[in-house]
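First comes the structure, then the notes that go with it.
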Amino acid sequence: MEKEPLKYFFPNFVKDTDIMVIFHFLECYLFQNLFSSPIENSLLNECKVLDVGCGPGTWLLDLAATYSSARFFGIDLFPIFPKEIKPSNVEFRQGDVLNTLPYDDDTFDYVHQANMLSVFTLEEWFFVIQELIRVCKPGGYIEFSEPELAVKTGPVLSRFYDALVTLSDSRNVKIRISNEIIKILVSLSTVRNVDYKISTVTLGAKKGGNAGQAYMDIHDGYFLNDPMPETLCKFMGTTKEGYLKLFKEAKKEVNETFAPNCEIYRIWCQKI
């Protein structure tokens with residue numbers, strides 16, 4: 001039986017892009033689509049889509065190129081999205097979801113948020129989820145996409161993960177958030193049809209191929225970009241130079257001995 005041809009391929013230029021763009025391409029490759037909510041028919045018509053924490057707007061721009069009848073809106077705390085050169089059906093604005101979204105109730109047919117695992121405290125997640133539900137129309141869908149830390153890691157990479165969890169706990173941030181999102185959604189009377197999909201990638205190029213290398217690139221960006229080295233080295237009991245040396249050892253460990261699996265969750269629900 002012939003395999004169905006892939007709809008989304010992993011590009012070979014991801015090393016030169018930032019973490020959010022890499023994650024976008026990785027997710028599309030793993031799930032072979034841009035979304036998992038049953039929203040296709042709405043997108044083919046004049047629906048309105050909101051991406052909260054849109055970053056550079058890559059997800060919205062990809063959707064807008066495919067679904068020209070829909071209107072797309074992106075909002076982010078930092079204005080790194082395109083300001084001039086963009087499709088006519090895409091609008092971006094600066095804003096903070098924690099200060100409430102600047103949209104009326106029941107405005108959007110589909111609300112999306114991705115890659116926020118280290119941003120909100122658990123209490124803030126309750127607020128953010130209800131804000132996304134508030135601006136979604138009854139019958140519309142809300143979708144979350146979040147990566148999880150790898151499990152069964154080797155001893156060196158485990159030092160980085162343990163330090164990250166300790167740092168997150170000190171900020172009251174739950175770094176492994178996907179199951180908490182599911183629990184929150186199930187507990188709410190304002191949504192129904194809570195569902196999710198999980199896609200798995202093996203970390204590192206040797207066992208994980210291009211996708212595994214991309215996820216390693218994400219680790220590079222996350223753990224090596226300032227201020228993370230100076231912040232985490234204190235939790236690891238080492239210097240910044242020692243931290244950088246350890247990270248090289250962690251990458252070697254992944255490629256040679258321990259190649260852990262990493263999961264990415266897509267979680268969605270329908271507003272009542």
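- Ring centroid separation for the pair Tyr265 and Phe144 does not come in under the 6.0 Å cut-off.
- For the pair Phe23 and Ser145, the minimum side-chain heavy-atom distance is below 4.5 Å.
- The cationic atom of Arg266 (NZ for Lys, CZ for Arg) lies less than 6.0 Å from the six-membered ring centre of Phe31 and within 45° of the ring axis.
- To the nearest 0.5 Å, atoms CG (Asn99) and CD (Glu131) are separated by 10.0 Å.
- Between the side chain of Lys271 and the backbone N or O of Ile133 there is at least one donor-acceptor pair closer than 3.5 Å.
- For Lys137 and Asp109, the salt-bridge test passes: some basic side-chain N is under 4.0 Å from an acidic carboxylate O.
- For the pair Asp76 (side chain) and Cys54 (backbone), a donor-acceptor distance under 3.5 Å is present.
- For the atom pair Thr58 OG1 and Leu34 CG, the distance stands at 11.0 Å (nearest 0.5 Å).
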Before giving the answer on side chain to side chain donor-acceptor pair (under 3.5 Å), spell out for Asn172 and Glu123 the whole-Å C-alpha distance, their side-chain angles and the decisive distance to 0.1 Å. CA-CA 9 Å; Asn172 196 27; Glu123 291 75 19; 2.6 Å; yes

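- Glu146 and Ser178 are not linked by any side-chain donor-acceptor pair at a separation below 3.5 angstrom, with hydrogens and angles left out of the test.
- Using a 4.5 Å heavy-atom cutoff, the side chains of Glu263 and Pro147 are not in contact.
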Would you check, one step at a time, whether the test side chain to side chain donor-acceptor pair (under 3.5 Å) holds for Asn261 with Thr202? CA-CA 4 Å; Asn261 288 332; Thr202 301; 2.8 Å; yes

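- Applying the side-chain contact (heavy atoms from CB on, under 4.5 Å) test between Val97 and each of Leu77, Leu132, Ile75 identifies Leu132 as the sole match.
- Here the two rings, on Tyr243 and Phe160, have centers that are under 6.0 Å apart.
- Ring geometry for Phe223 against His219 counts as tilted: the plane angle lies between 30° and 60°, on a 0 to 90° scale.
- A salt bridge is absent between Arg134 and Asp106; no separation between the charged side-chain nitrogens and carboxylate oxygens falls under 4.0 Å.
- In this structure Glu253 satisfies the salt bridge (Lys or Arg N to Asp or Glu O under 4.0 Å) test with no other residue, sequence neighbours excluded.
- Shown are Leu232, Asp226, Asn225; of these, the side-chain contact (heavy atoms from CB on, under 4.5 Å) with Pro229 is made only by Asp226.
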For Glu180 and Leu122, run side chain to side chain contact (heavy atoms under 4.5 Å, CB included): C-alpha distance rounded to whole Å, both residues' side-chain angles, the deciding distance at 0.1 Å, then the answer. CA-CA 8 Å; Glu180 297 300 325; Leu122 192 55; 4.2 Å; yes

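- One finds the CZ atom of Arg159 at 4.5 Å from the CE atom of Met236 (value rounded to the nearest 0.5 Å).
- Looking only at distances, no side-chain donor or acceptor of Tyr141 sits under 3.5 Å from a matching main-chain atom of Cys136.
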